[in-house]
Amino acid sequence: MSNRRTAPRSAGRLFLGKLLGAAMGAALGVAATLVAGAPALAATLPSALPSSSEVAAAIQPHRAIYTMSLLSARNSSKVSDVRGRMMFEWADACDGWTTEQRFQLRFVYSEGDEMAMNTNYTTWEAKDGLRYRFNVRKTINGEVDDDVRGEANLTPNGGVGTAQFSKPEPQEIDLPAGAMFPTAHTLAILDHARRGEHFFSRTIFDGADAEGATEVSTVIGQPGPAKDAAKDALLRDAQTWPVRMAFFPTHSDSAQPEYEMSLRLLQNGIAESMQIDYGDFIVNAILEKIEALPRSGC
């Protein structure tokens, strides 16, 4: 029953920078080649580059509601249905970015069992990408399954860092050179997309659990208009890129990712849609409602 553990734990890591927490498209057919070599590629790349001020200035703080459902499942999958909603909020806190994600998901298994998962994941990240605070609380069938809290720091110019957990128990872990936090990673995706650079790989720490950082291999497709531009003014006149990310635990030598995530990412930071592929099944997330939040006056 590996799906029972992998699905809820991974679902809690949709950070739109993991982001965030979408259909890929033919332009990304080369993704499999990149994914297979992701860990080795990450070791050869330079340390994380800061995103340009133009990218950050274009970000639209917002609150989005997504409807989540099972897109497909293999015959071998023990998950027969997934239903729920996700709220994602990205706000400008003057000296940093704050994000909040709330999941309400119900997993139905082939033998008839059901599991209700509620997750609340909040973060604050300094705009220079060097400081980070995180708080994750997850319940399964009404009982607390995860309660994670802590903060992390990186040294400038792609140096090493540390993460200190106060929950579930006090501990400190090292972060490798070149590591990034989630919002910095999202801004880096947009920066690469604007430059027409289609492939890159980074080590990301999001604090979603106490297992440490994750290798994320990213493929960016060709830009185009938003598919649902008529739905809201925030989706109009914005360039959109199909993005696919593969997530590899840093402690694993497997060439296969733990899970993959696809999304259509607008230049203003809004994710138009998402798909999360856990191998045996795929969860679809469709934008239901979008609301602009105020920009910082700082």
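When a residue number appears, it is its place in the shown sequence, counting from 1. Everything quoted here is computed from the prediction, not taken from an experiment.
One finds the CD1 atom of I189 at 4.5 Å from the OG1 atom of T218 (value rounded to the nearest 0.5 Å). Here T119 contributes atom OG1 and R102 contributes atom CZ; the two are 12.0 Å apart, rounded to the nearest 0.5 Å. Annotation: the span from D277 atom CG to E258 atom CD amounts to 12.5 Å, rounded to 0.5 Å. Atom CD1 in I276 sits 7.5 Å away from atom CG in N284 (nearest 0.5 Å). Taken from CG in L287 to CG in L234, the straight-line distance is 9.5 Å, to the nearest 0.5 Å. Atom CG of residue L154 and atom OG1 of residue T162 lie 8.5 Å apart, to the nearest 0.5 angstrom.
A perpendicular orientation is assigned to the rings of W90 and W97, their planes being inclined by more than 60° (bins at 30° and 60°). Ring planes of F181 and Y132: parallel class, angle under 30° (limits at 30 and 60°).
With hydrogens and angles ignored, the 3.5 Å screen pairs no side-chain donor or acceptor of R264 with any backbone N or O of A226. A donor-acceptor pair under 3.5 Å is absent between the side-chain atoms of E114 and the main chain of R106, judged by distance alone. For the pair Q239 (side chain) and P223 (backbone), a donor-acceptor distance under 3.5 Å is absent.
Under a hydrophobic clustering in which Ile, Leu, Val, Met, Phe, Trp and Tyr are joined whenever their side-chain heavy atoms come within less than 4.5 Å, directly or via other members, W124 and M180 fall into different clusters. In terms of hydrophobic clustering, with Ile, Leu, Val, Met, Phe, Trp and Tyr side chains grouped at heavy-atom distances under 4.5 Å, Y109 and M117 are assigned to a common cluster. In the hydrophobic clustering of ILVMFWY residues, with side-chain heavy atoms under 4.5 Å counting as a link, V243 and I286 come out apart. Hydrophobic clustering, with ILVMFWY side chains joined whenever heavy atoms are under 4.5 angstrom apart, keeps V108 apart from M68. Connection of F247 to I204 is established within a shared hydrophobic cluster, with ILVMFWY side chains joined at heavy-atom distances below 4.5 Å, either directly or through further cluster members.
The side chain to side chain contact (heavy atoms under 4.5 Å, CB included) test with M245 is passed by exactly one of I220, V216, V219: V216. When each of K289, E100, E291 is tested with R63 by the rule side chain to side chain contact (heavy atoms under 4.5 Å, CB included), just one qualifies, namely E291.
Counting all heavy atoms, side chain and backbone alike, Q222 lies closest to P242 at O-CD, 3.2 Å. Looking at every heavy atom in both residues, Q256 comes nearest to F248 through C-CE2, 3.7 Å. Summarising the geometry of L70 relative to S80, their closest heavy-atom pair is CD2-O, 3.2 Å, with the distance given to 0.1 Å. The two residues Q60 and A292 have their closest heavy-atom pair at NE2-CB, 3.7 Å. A163 and F205 get closest at one heavy-atom pair: CB-CZ, 3.6 Å. When all heavy atoms of L190 and V55 are compared, the pair lying nearest together is CB-CG1, 3.7 Å.
K167 is not listed as a side-chain neighbour of V148, based on a closest heavy-atom distance of 4.5 Å or more. No side-chain heavy atom of V160 sits less than 4.5 Å from a side-chain heavy atom of D174. Here the side chains of R131 and E151 are not in contact, with every heavy-atom distance at 4.5 Å or above. Considering only heavy atoms from C-beta on, Q164 comes within 4.5 Å of N153 through its side chain. Counting heavy atoms from C-beta outward, V79 and D280 have side chains that stay 4.5 Å or more apart.
Not less than 6.0 angstrom separates the ring centroid of F103 from the ring centroid of Y66.
Ion pairing between a basic and an acidic side chain is recognised when a charged N comes within 4.0 Å of a carboxylate O; K127 and D92 show such pairing.
Using modelled atom types, one finds a donor on one side chain and an acceptor on the other under 3.5 Å when comparing E288 with T67. Counting only N and O atoms by type, the side chains of T99 and T123 include a donor and acceptor under 3.5 Å apart. A donor and an acceptor atom, one from each side chain of S262 and E260, are nowhere located under 3.5 Å apart.
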Walk me through whether L187 and I59 qualify under side chain to side chain contact (heavy atoms under 4.5 Å, CB included).
CA-CA 9 Å; L187 296 176; I59 294 301; 3.7 Å; yes
Let's go through F88 and H62 carefully: what are the C-alpha distance in whole Å and the side-chain angles of both, what is the deciding distance for side chain to side chain contact (heavy atoms under 4.5 Å, CB included) to 0.1 Å, and is it a yes or a no?
CA-CA 8 Å; F88 176 79; H62 64 279; 4.0 Å; yes
Let me see the working for I65 and M87 under side chain to side chain contact (heavy atoms under 4.5 Å, CB included), right down to the final yes or no.
CA-CA 5 Å; I65 305 294; M87 186 281 289; 3.4 Å; yes
Full working for side chain to side chain contact (heavy atoms under 4.5 Å, CB included) between Q267 and R194:
CA-CA 8 Å; Q267 65 192 51; R194 289 174 67 254; 6.0 Å; no
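For E172, the CD atom counts as densely surrounded, since its 6.0 Å shell holds more than 12 non-hydrogen atoms of other residues, nucleotides or ligands.
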